[in-house]
4 protein chains.
Amino acid sequence: MVSRRPSPPTARRRSAKTALIEEFRVRAIREAVLDVVGREGPAAATLQRIADRAGVAKGTIYLYFKDRDDLLRHTARFVMDEVRARVEPWMASQATFAERLRGLVTAGLTVLEEHRGFLRFYLPLPQDRLAGGGARDAVVRPSVLERQDTLRGALKEFLARAARRGEIRRTDANRLAQFIVDGVTGAIVTRLSEARPPAIAAEVDWIVDMLLHGMSPRGRSRS
Amino acid sequence: MVSRRPSPPTARRRSAKTALIEEFRVRAIREAVLDVVGREGPAAATLQRIADRAGVAKGTIYLYFKDRDDLLRHTARFVMDEVRARVEPWMASQATFAERLRGLVTAGLTVLEEHRGFLRFYLPLPQDRLAGGGARDAVVRPSVLERQDTLRGALKEFLARAARRGEIRRTDANRLAQFIVDGVTGAIVTRLSEARPPAIAAEVDWIVDMLLHGMSPRGRSRS
Amino acid sequence: MVSRRPSPPTARRRSAKTALIEEFRVRAIREAVLDVVGREGPAAATLQRIADRAGVAKGTIYLYFKDRDDLLRHTARFVMDEVRARVEPWMASQATFAERLRGLVTAGLTVLEEHRGFLRFYLPLPQDRLAGGGARDAVVRPSVLERQDTLRGALKEFLARAARRGEIRRTDANRLAQFIVDGVTGAIVTRLSEARPPAIAAEVDWIVDMLLHGMSPRGRSRS
Amino acid sequence: MVSRRPSPPTARRRSAKTALIEEFRVRAIREAVLDVVGREGPAAATLQRIADRAGVAKGTIYLYFKDRDDLLRHTARFVMDEVRARVEPWMASQATFAERLRGLVTAGLTVLEEHRGFLRFYLPLPQDRLAGGGARDAVVRPSVLERQDTLRGALKEFLARAARRGEIRRTDANRLAQFIVDGVTGAIVTRLSEARPPAIAAEVDWIVDMLLHGMSPRGRSRS
DNA sequence: AATGAATGAGCGTTCATTCAT
DNA sequence: GATGAATGAACGCTCATTCAT
């Protein structure tokens with residue numbers, strides 16, 4: 001079971017084969033969740049539907065996940081971990097700040113688009129914003145927040161360093177981290193509502209430019 | 001029933017007293033929805049829970065709302081209308097752009113804080129974005145989108161006008177509108193996580209400054 | 001209250017006016033039941049609907065009837081009493097047996113047609129036979145049976161007398177009474193399904209002829 | 001699910017064992033319906049009561065029937081099919097008309113007695129005719145009518161043929177068919193009220209005799 | 001006497017979870 | 001390990017009944 005972190009001391013080592021099967025099943029079921037939620041929304045994400053899509057029996061899911069909440073938590077964490085894995089390397093990069101920011105935003109935007117079907121409901125698009133909240137998936141929240149906090153923490157650190165180096169102005173790093181996350185999220189949200197969204201690169205340029213210089217006219221003196 | 005807009009022409013006028021009671025009940029039930037959803041999330045928003053919190057019987061809700069969907073739709077519309085009523089006047093104001101932006105952000109921030117509990121799930125704040133939804137409330141969507149589109153459209157128009165006047169630089173007004181909304185929303189989130197958040201005015205200053213000038217060091221040349 | 005048969009000894013005599021109003025209300029409500037059930041079936045016969053049709057408030061019904069069951073029982077009894085009031089005089093008539101039978105059948109057929117809308121559900125037509133039974137009106141039965149037993153008893157007595165006089169052959173009067181009731185009921189049931197049913201008189205002739213002589217060829221010797 | 005007639009072509013064959021279990025469950029649930037309705041009337045036929053009597057959980061019923069209506073429809077059809085299967089062979093028989101009529105009446109009487117509890121409400125016996133229904137089971141109608149129309153049509157054809165052959169006199173075959181059905185139904189009712197009803201054979205003789213010759217004194221001339 | 005807003009028991013239905021095979 | 005038939009708690013909703021006005 002995926003969520004069973006510390007295996008009991010008496011448990012025999014799983015054979016390599018068994019572990020492989022487990023990995024395979026877990027992936028299949030998780031993909032089924034992403035697929036069903038992405039295509040038909042959380043309302044359709046009953047265990048029966050997920051099991052059907054994964055090609056396993058309903059009961060089988062319980063061999064790998066404690067319960068429905070555990071499955072959803074696992075899936076959300078998986079997506080968030082992917083985001084983090086793609087974004088974090090850019091923070092440690094040696095490039096210029098603008099390049100690092102651009103890389104970071106590109107990475108975020110890319111992975112978000114990959115899982116847009118799923119995130120669409122948990123990270124709602126403008127046209128879906130009020131669609132979200134059903135009752136069943138309240139459990140997804142804490143596990144996502146946990147990941148998100150880590151990510152935001154890292155981003156905050158990254159920004160604080162940049163400020164110390166004079167790459168950006170000194171300001172509330174916490175607010176700024178949130179501001180960036182929201183800017184990127186908002187952009188993907190806008191993209192999803194457009195028939196012909198601009199290329200990712202152009203999108204990134206716009207975001208980075210706005211984050212760096214704001215909306216006031218170029219060359220104007222500050223108010 | 002709240003959603004029954006056009007009363008039959010032959011219907012006798014409701015007495016003033018009856019209308020008062022209706023207003024009172026509708027408010028009580030709506031507040032219960034806002035309260036329950038805000039405190040415990042949409043998952044807890046069963047009719048029984050709402051009724052309990054409103055201090056009425058389950059059946060009473062059906063005297064004022066057609067069904068659960070109608071109730072949720074009504075509540076969402078109510079909140080969105082409040083947002084709009086507070087924000088829109090600033091767009092038509094004759095003040096400088098910076099002042100109008102500040103007023104607009106202040107208004108948004110204020111009403112968002114008022115209904116933060118509810119909106120947290122339906123207009124999810126960044127830290128909750130992945131937390132949201134289930135399926136039950138898919139119906140809330142259309143009625144809110146209708147409101148939200150109008151609001152965003154107005155904001156977009158406001159920004160386009162400002163660009164034409166040279167008050168801000170010319171850019172994609174749609175993206176910018178979303179960007180601002182997300183910036184404000186994100187600020188609320190940050191505030192919620194802080195023990196001693198700054199005063200609203202300071203918060204607004206930070207947001208407006210960031211929106212206008214971005215994070216690059218003051219006085220630096222653009223990249 | 002209609003069903004309160006023996007008024008308590010201490011009760012003051014109702015004034016004539018009060019009695020008149022009571023009579024008026026009871027009739028209005030009863031007619032509403034017959035109308036609603038007749039037009040829309042027992043499913044639609046909620047107290048609210050009945051009250052609306054009767055032009056009184058829901059609560060008012062409870063001033064005249066103990067509860068819903070009491071109201072339905074009253075209505076069914078009323079219809080049955082009408083049947084009986086029309087049919088019984090013919091039993092005591094001095095005409096020939098065939099004439100008395102014809103009169104009796106005519107009377108039954110006529111009153112049944114009058115209330116066909118109501119009876120349609122409780123005395124189902126061929127095409128409705130299996131439609132009947134809902135759960136709510138189980139109470140109607142005992143009160144109808146009580147009346148029907150009385151009627152059948154009278155009919156049985158009438159037939160036994162006729163047999164003693166040699167007007168009909170001697171046979172099980174109980175069975176025969178039931179047989180006649182069923183024949184008449186069946187006929188009206190057939191009529192209701194026909195676009196252009198024959199005149200009542202012709203219908204009666206057919207029934208009486210069949211009851212008297214059966215279906216074997218005229219003039220044939222008995223098997 | 002019983003009502004799911006055409007299984008998808010790609011569906012794997014149900015194992016013999018599974019089919020057996022399904023058959024078993026469907027029968028148990030159907031018998032529970034017949035039992036509950038028969039004993040306590042349609043009013044008592046809630047899903048909980050049916051489930052209890054069938055010895056299964058409420059949810060189990062939904063594995064085999066789409067919903068309550070489907071269950072009731074299935075049960076009614078089952079009974080009607082039994083009636084038809086027993087009655088129809090006699091119509092095609094080569095015996096004399098009286099014998100065929102006797103066989104037919106016997107078959108009808110027998111199956112009616114078997115399911116008398118259930119049919120009492122849906123094919124109401126004369127003494128229960130006013131007792132029946134509420135609204136809940138309106139859905140039962142169409143599926144039964146379909147069956148009943150076929151049956152009555154066959155009976156009508158049978159009678160028309162007999163009339164053409166001179167076995168009975170020429171008359172309205174439709175009315176006569178209904179008349180016979182009602183005569184048989186009425187007999188059941190009479191039997192139910194008797195402590196010691198006559199043997200089925202004697203009962204049949206009485207009915208057939210009455211249907212053939214009517215109640216007028218033997219040997220008397222017709223009026 | 002008359003009202004109708006308020007009530008809550010009870011319904012049909014869904015679906016996460018269990019467990020015998 | 002894998003299955004899916006079986007379960008029953010919990011939901012949204014209806015409507016007969018009550019009672020303050």
Short side-chain N/O contact to E:dT3 OP1/OP2 from C:T60, under 4.0 Å: yes
Nearest heavy atoms of D:A28 and D:A54, plus distance in Å: O-CB, 3.8 Å
Between F:dA9 (C1') and D:Q48 (CD): distance, integer Å: 11 Å
Length of the CD-P vector between D:E22 and F:dG4, whole Å: 15 Å
Dot-bracket encoding of pairs in DNA chain F, which uses [ ] for pseudoknotted crossings and | for another strand, Watson-Crick or G-U under 3.5 angstrom: .||||||||||||||||||||
Electrostatic pair B:R27-B:E31, nearest N-O below 4.0 angstrom: no
5′-ward residue of the pair B:G59/A:G59 relative to DNA chain F: A:G59
B:V26 and B:H74, any side-chain heavy atoms less than 4.5 Å apart: yes
Nearest-nucleotide 5' precedence on DNA chain F, D:A57 against C:D67: D:A57
Any donor-acceptor N/O pair under 3.5 Å between F:dT17 base and C:K58 side chain: yes
Separation of atom CZ in B:R25 from atom P in E:dA5, rounded to whole Å: 11 Å
Nearest-angstrom distance from the residue atom CG of A:L63 to C1' of E:dC19: 12 Å
Non-hydrogen atoms of C:I50 and C:I29 that approach each other most closely: CG2-O, 4.2 Å
Charged N-O contact under 4.0 Å between B:D70 and B:R73: yes
Euclidean distance, atom CD1 of residue D:I61 to atom P of E:dT14 [Å, nearest integer]: 13 Å
Heavy-atom closest contact (D:R49 atom, D:A44 atom, distance): CB-O, 3.3 Å
Where A:Y62 and A:R68 come nearest, the two heavy atoms and their spacing: OH-N, 4.5 Å
Length of the line joining D:R68:CZ and E:dC11:P, which is rounded to integer Å: 10 Å
Between C1' of E:dG4 and OH of C:Y62, the distance in whole Å: 13 Å
Interatomic distance, D:L47 CG vs E:dT14 P [rounded to whole Å]: 11 Å
Touch class at under 4.0 angstrom, heavy-atom based, for D:R49 against every strand present: nothing
